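Just so it is clear, the model here is predicted, and its values are computed rather than measured. Reminder, nothing fancy here: chain letters follow the sequence lines and each chain counts from 1.
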Number of protein chains: 2
Amino acid sequence: MGREAQIGRTAILESALAIADDDGLDAVTMHAVAKRLQVTPMALYRHVANKAALLDGLVEMLLTEFPLPARQLPWDERLTALAAGIRATAHRHPGVFPLLLSRPTVTQAAVHVRDSIHQALREAGVPETDLGRIERLLSTAILGFAVSEATGRFRLHDQTVLDEDFAELQRWMRRLLPTPPHPPDSGATLA
Amino acid sequence: MGREAQIGRTAILESALAIADDDGLDAVTMHAVAKRLQVTPMALYRHVANKAALLDGLVEMLLTEFPLPARQLPWDERLTALAAGIRATAHRHPGVFPLLLSRPTVTQAAVHVRDSIHQALREAGVPETDLGRIERLLSTAILGFAVSEATGRFRLHDQTVLDEDFAELQRWMRRLLPTPPHPPDSGATLA
DNA sequence: ACCTGAACACCGTTCAAGT
DNA sequence: ACCTGAACACCGTTCAAGT
């Protein structure tokens, strides 16, 4: 019975991501992915349930790319690094990235990202009851900006302008959180 | 030669919007729109250039729905009302709304919305050089949240939770702007 | 001027058949 | 177990033809 598999779920997702990066999300069709793998479209259905499942897999790949910052870093640097990493992923994969704004946090990788933000907010002094809300609003602001860049909503503006926009957004994030991340390095903190 | 037109651009857009509201954006096909108008798909091409132009038209319809608040209102109430109106449009048209996050501000209706925000920010004391940046960040945060609701990213949360999320987002907006909108009504302001 | 009919190259997906 | 071939009901869009 056995027959050595020519393709697998990972190869399918990698092909689909490459197509999306090169030619946009609309170019990701079952036919196109199959062609890139030198296989018929129907061969894909042994490895992914359908096209929706394939897109879910692509989103999970992006989430896995987000660089979770080391726990040793101060919480504000962790938030800043995570936001920058998310934005970098949007720049690398503008075709797939907008899908992130329509997926609830249910997969493993998505939960890890959220937990990382929760932990940083905890250390920032956010009360436990507010963690969910603050995380939703912060991640929505970051995702909204990154999606806008990915889709070309800001296409009339120079990259330098958008970089400064993002820096300002980062400053807003900091201003909205309760406590300063580390006290100004004066000896007063020892008193 | 003349032959009385059976359909027009407006009827096409209204049909397309109704289909999107009922069955989602993917259900908006040239065939489906034509069928609803009791016409062949090819008849549409006399009134819209192609499907992309039809979707552009839908976005313009949503922008026209945004209720621009009266200029007599204090600027903070204007921003609050505009944000609430944008969110209400997302709730009414969840299928089409996410397209707003991929369109630059070029059409007439979009420019009117942006100008309305610019004027409110001016009265808030935002320096002229910062108007563009602040407007982009504020509108991105509002759109990001509304799109998240429209797509179902927050589908695991109750409506009451999301209402409170949005209220908190509104408070953030206020906190980030330079001056208080109207002095606290104590006699001290007369001194 | 506006709409139709026929046609084309695509889609996603099924089913039975091959190895 | 995995892949293929044939098939189906759709897509967006063209072109020439009808009124």
Query raised in the report: Do the charged groups of B:R87 and B:E149 touch, with an N to O distance under 4.0 Å?
Result: yes

Report task. Examine the side chains of B:T80 and B:R174 and answer whether a donor and an acceptor come within less than 3.5 Å of each other. Result -> no

**Report entry** Under 3.5 Å on both distances, the Watson-Crick or G-U partner of D:dC8
**Finding:** C:dG12

Query raised in the report: Is B:A5 touching bases, backbone alone, or none of the nucleic acid, heavy atoms closer than 4.0 Å?
Result: sugar-phosphate

Query raised in the report: What nucleotide, of C:dG5, C:dC2, D:dC3, holds the atom closest to the side chain of A:I7?
Result: D:dC3

Report task. For the pair B:F97 and B:I86, evaluate side chain to side chain contact (heavy atoms under 4.5 Å, CB included) and give the outcome as yes or no after the intermediate values. Result -> CA-CA 10 Å; B:F97 195 87; B:I86 289 172; 3.8 Å; yes

Requested in this report: Considering only NZ, NE, NH1 and NH2 on the basic side and carboxylate oxygens on the acidic side, decide whether A:D22 and A:R36 come within less than 4.0 Å.
Outcome: yes

Query - Between C:dT4 (C1') and B:L37 (CG): distance, integer Å - result: 15 Å

Query raised in the report: What integer distance in Å separates A:Q6:CD from D:dT4:C1'?
Result: 10 Å

Report summary line: In whole angstroms, the gap separating C1' of D:dC3 from CD1 of A:I12 amounts to 12 Å

Query raised in the report: Does B:R133 pair with A:E168 as a salt bridge, N-O distance under 4.0 Å?
Result: no

Query raised in the report: Roughly how many Å is it from CD in A:Q38 to P in D:dC3, rounded to a whole number?
Result: 13 Å

Set out, line by line, the N/O atom pairs under 3.5 Å between protein and nucleotides 11-15 of chain C.
| residue | atom | partner | partner atom | Å |
| --- | --- | --- | --- | --- |
| C:dG12 | OP1 | A:M30 | N | 3.3 |
| C:dG12 | OP1 | A:K51 | NZ | 3.1 |
| C:dG12 | OP2 | A:M30 | N | 2.8 |
| C:dG12 | N7 | A:H31 | NE2 | 3.1 |
| C:dT13 | OP2 | A:Y45 | OH | 2.9 |
| C:dT13 | OP2 | A:K51 | N | 3.0 |
| C:dT13 | O5' | A:Y45 | OH | 3.4 |

Report task. Name the pairing partner of C:dG18, where a pair is Watson-Crick or G-U wobble with both distances under 3.5 Å, or state none. Result -> D:dC2

Report task. Return yes when atom CD of A:Q108 has more than 12 non-hydrogen atoms of other residues, nucleotides or ligands closer than 6.0 Å, and no otherwise. Result -> no

